[in-house]
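Presented below is the structure to which this report refers.
Quick note on labels: first sequence line is chain A, next is B, and so on, each numbered from 1.
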Protein chains: 2
Amino acid sequence: MRPSKRDELVREARRIFYRDGFHATGMDQLAAETGISKTTMFKHFRSKEELILAALRLRDQDFRTWLFRRMEQAGPPKAQLLAMFDALAEWFAEADFRSCMFIKASSEYPDPEHPIHALSAEHKRLLFRHLHDLATKAGAPDPAGLARTLLLLKEGAIITAHLGHEADPAGDAKTAAATVLSAAFRQTAPSVDVATAV
Amino acid sequence: MRPSKRDELVREARRIFYRDGFHATGMDQLAAETGISKTTMFKHFRSKEELILAALRLRDQDFRTWLFRRMEQAGPPKAQLLAMFDALAEWFAEADFRSCMFIKASSEYPDPEHPIHALSAEHKRLLFRHLHDLATKAGAPDPAGLARTLLLLKEGAIITAHLGHEADPAGDAKTAAATVLSAAFRQTAPSVDVATAV
DNA sequence: CTCAATGTGAACAGATCGGTACATATTGGA
DNA sequence: TCCAATATGTACCGATCTGTTCACATTGAG
């Protein structure tokens with residue numbers, strides 16, 4: 001029962017921080033909404049920052065597990081890379097979608113040295129690593145470059161889904177990803193002169 | 001002299017909010033760092049929120065003016081679209097670059113109905129409109145789709161430049177943009193079956 | 001049952017939040 | 001020069017911030 005209470009706190013904190021923001025959410029409000037007293041919170045976590053870090057670690061784990069499983073269902077590596085954007089479409093369609101928790105966290109803690117910012121950067125790095133692995137397995141000539149580009153499209157889709165006027169940013173991103181993917185396999189040279197490509 | 005003081009306040013507020021965040025920056029801190037008293041601030045702006053809105057409006061104006069001029073220097077519409085990513089590279093290289101102020105603002109004010117969020121969305125809409133105009137002038141078969149995709153790459157590059165491990169997200173985005181751009185003009189049908197494109 | 005260890009919550013502490021009251025400094029027109 | 005209007009700063013307001021104190025409830029072992 002002891003650890004479940006702590007887990008419940010982290011899960012609820014993740015939800016509320018994600019919904020309302022980090023600075024905007026006070027510990028009193030957290031206590032009121034979760035029904036867990038402040039004393040209990042500060043017994044489990046020395047500070048608000050540590051609770052935020054725990055909430056972000058949970059989000060990192062859950063999100064990557066969810067995303068990677070969705071991608072795996074698509075089968076071969078190349079299809080998995082494209083399937084990421086179908087998963088994004090599902091995510092964006094959720095009623096309580098409010099952008100990416102790590103983008104929000106790094107916005108509120110802009111100092112790169114800050115633990116919260118660093119953890120957010122690590123989350124993105126882990127996503128990159130997965131895409132890089134898949135691109136390598138798919139036999140891409142420049143797997144790192146392809147992974148970076150797909151990640152670019154993913155982040156852009158998230159921002160646009162949250163802030164934009166578009167109907168289907170995940171679909172747009174998928175279309176662009178398909179173009180980029182097919183171009184990446186068409187030519188073996190990884191570095192392209194941009195000027196001549198147009 | 002009266003309006004200059006107000007302008008100075010807005011300019012400084014823009015800089016400090018951008019650097020430290022909106023909720024994390026108090027009016028007292030703002031007064032201390034700018035040398036302008038709180039009374040003066042609240043004479044010019046009824047609330048902190050109105051000051052934030054003024055700072056964002058200034059940022060919107062300055063950023064679009066700066067970006068569009070940089071793009072114009074590239075010449076014809078198609079080159080202008082690509083030149084956006086060269087401008088981004090310049091921006092990312094600035095010592096005090098800390099992501100996009102409107103992404104940060106919408107992160108801290110996640111409610112879409114909130115004036116700050118709405119203004120941020122409007123900024124992105126104005127960027128889209130400019131890209132759409134250029135894509136139309138360039139004779140793209142699906143100018144709206146092309147504009148959406150290029151904007152996707154732009155936002156992704158911003159996030160990655162702020163949070164990522166990459167050396168040159170603007171360069172990556174430009175390479176991808178060149179691929180997408182050339183593909184957009186190669187085929188006249190705007191809707192592509194993604195599955196067969198791979 | 002007893003007792004120690006631990007989980008819990010109401011009330012509080014000092015600092016800071018956004019915002020204001022009011023007295024003073026400054027300024028422009030006649 | 002004088003006055004009226006405005007710009008400004010100090011001190012303060014209640015509310016809220018993160019974090020703590022301390023008394024009490026709960027629980028498990030012997």
Side-chain angles (χ1 to χ4, degrees), chain A residues 1-57 104-105 107-111 113-117 119, chain B residues 1-57 104-105 107-111 113-117 119:
Chain A
M1 184 193 179
R2 187 182 355 131
S4 89
K5 201 76 172 176
R6 183 197 150 107
D7 290 352
E8 181 194 341
L9 169 59
V10 175
R11 230 180 306 118
E12 287 288 279
R14 172 182 62 168
R15 184 178 63 85
I16 296 170
F17 282 136
Y18 177 63
R19 187 192 62 199
D20 296 340
F22 299 95
H23 286 95
T25 303
M27 296 300 271
D28 288 295
Q29 178 198 331
L30 224 50
E33 189 161 349
T34 61
I36 301 171
S37 78
K38 283 174 64 181
T39 315
T40 305
M41 290 180 176
F42 281 101
K43 275 284 195 290
H44 285 300
F45 300 97
R46 259 179 276 178
S47 65
K48 179 183 180 181
E49 182 180 313
E50 288 201 13
L51 176 57
I52 291 175
L53 286 169
L56 287 175
R57 275 190 279 265
K104 289 159 73 97
S107 290
E108 292 207 42
Y109 300 89
D111 177 9
E113 306 289 326
H114 195 288
I116 292 176
H117 192 105
L119 188 101
Chain B
M1 183 192 182
R2 185 183 356 132
S4 89
K5 201 73 172 177
R6 182 197 151 107
D7 291 352
E8 182 195 339
L9 169 60
V10 175
R11 232 180 305 118
E12 288 288 281
R14 172 183 61 168
R15 185 178 63 85
I16 297 171
F17 283 136
Y18 177 64
R19 187 191 62 197
D20 297 340
F22 299 95
H23 286 94
T25 302
M27 296 300 271
D28 289 291
Q29 177 197 332
L30 223 52
E33 189 161 349
T34 62
I36 301 169
S37 78
K38 283 176 65 179
T39 315
T40 305
M41 291 180 176
F42 282 100
K43 276 284 196 290
H44 286 298
F45 300 97
R46 259 179 277 178
S47 66
K48 179 183 180 181
E49 181 179 316
E50 289 201 10
L51 176 57
I52 291 174
L53 286 169
L56 287 174
R57 275 190 279 264
K104 289 158 72 99
S107 289
E108 292 207 42
Y109 300 89
D111 177 8
E113 306 290 326
H114 194 290
I116 292 176
H117 193 104
L119 188 103

> So, for D28(A) and K38(A), which heavy atoms are closest and what is the spacing to 0.1 Å?
Replying inline: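 Heavy atoms of D28(A) and K38(A) come nearest at OD1-CD, 3.0 Å.
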> I36(B) and M41(B): which non-hydrogen atoms are nearest, and at how many Å?
Replying inline: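 Nearest heavy atoms, I36(B) then M41(B): O-CE, 3.7 Å.
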For [X] and [N], give me the distance from atom [atom1] to atom [atom2], rounded to whole Å.
X	N	atom1	atom2	answer
D20(B)	dC17(C)	CG	P	12 Å
R6(A)	dT6(C)	CZ	C1'	16 Å
M41(A)	dA10(C)	CE	C1'	15 Å
I36(A)	dA25(D)	CD1	P	21 Å
H44(B)	dG19(C)	NE2	P	16 Å

> Counting only N and O atoms by type, is there a donor-acceptor contact under 3.5 Å from the side chain of E12(A) to the main-chain atoms of T34(A)?
Replying inline: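 Checked: no pair found.
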> When you measure from the side chain of K48(B) to the backbone N and O of F22(B), does any donor-acceptor pair fall under 3.5 Å?
Replying inline: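 It does hold such a pair.
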>> Run the ring pair (Phe, Tyr, Trp, His ring centres under 6.0 Å) test against Y109(B) and tell me which residues pass, sequence neighbours left out.
In response: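 With neighbours one apart ignored, the set is H23(B), H114(B).
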>> Check whether Y18(B) forms a cation-pi arrangement with K104(B) (NZ or CZ under 6.0 Å from the six-membered ring centre, at most 45° off the ring normal).
In response: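 Yes, cation above the ring, under 6.0 Å and within 45°.
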>> Please encode protein proximity along nucleotides 13-21 of chain D as a string of B, S and -, counting only heavy-atom distances under 4.0 Å.
In response: -----BBBB
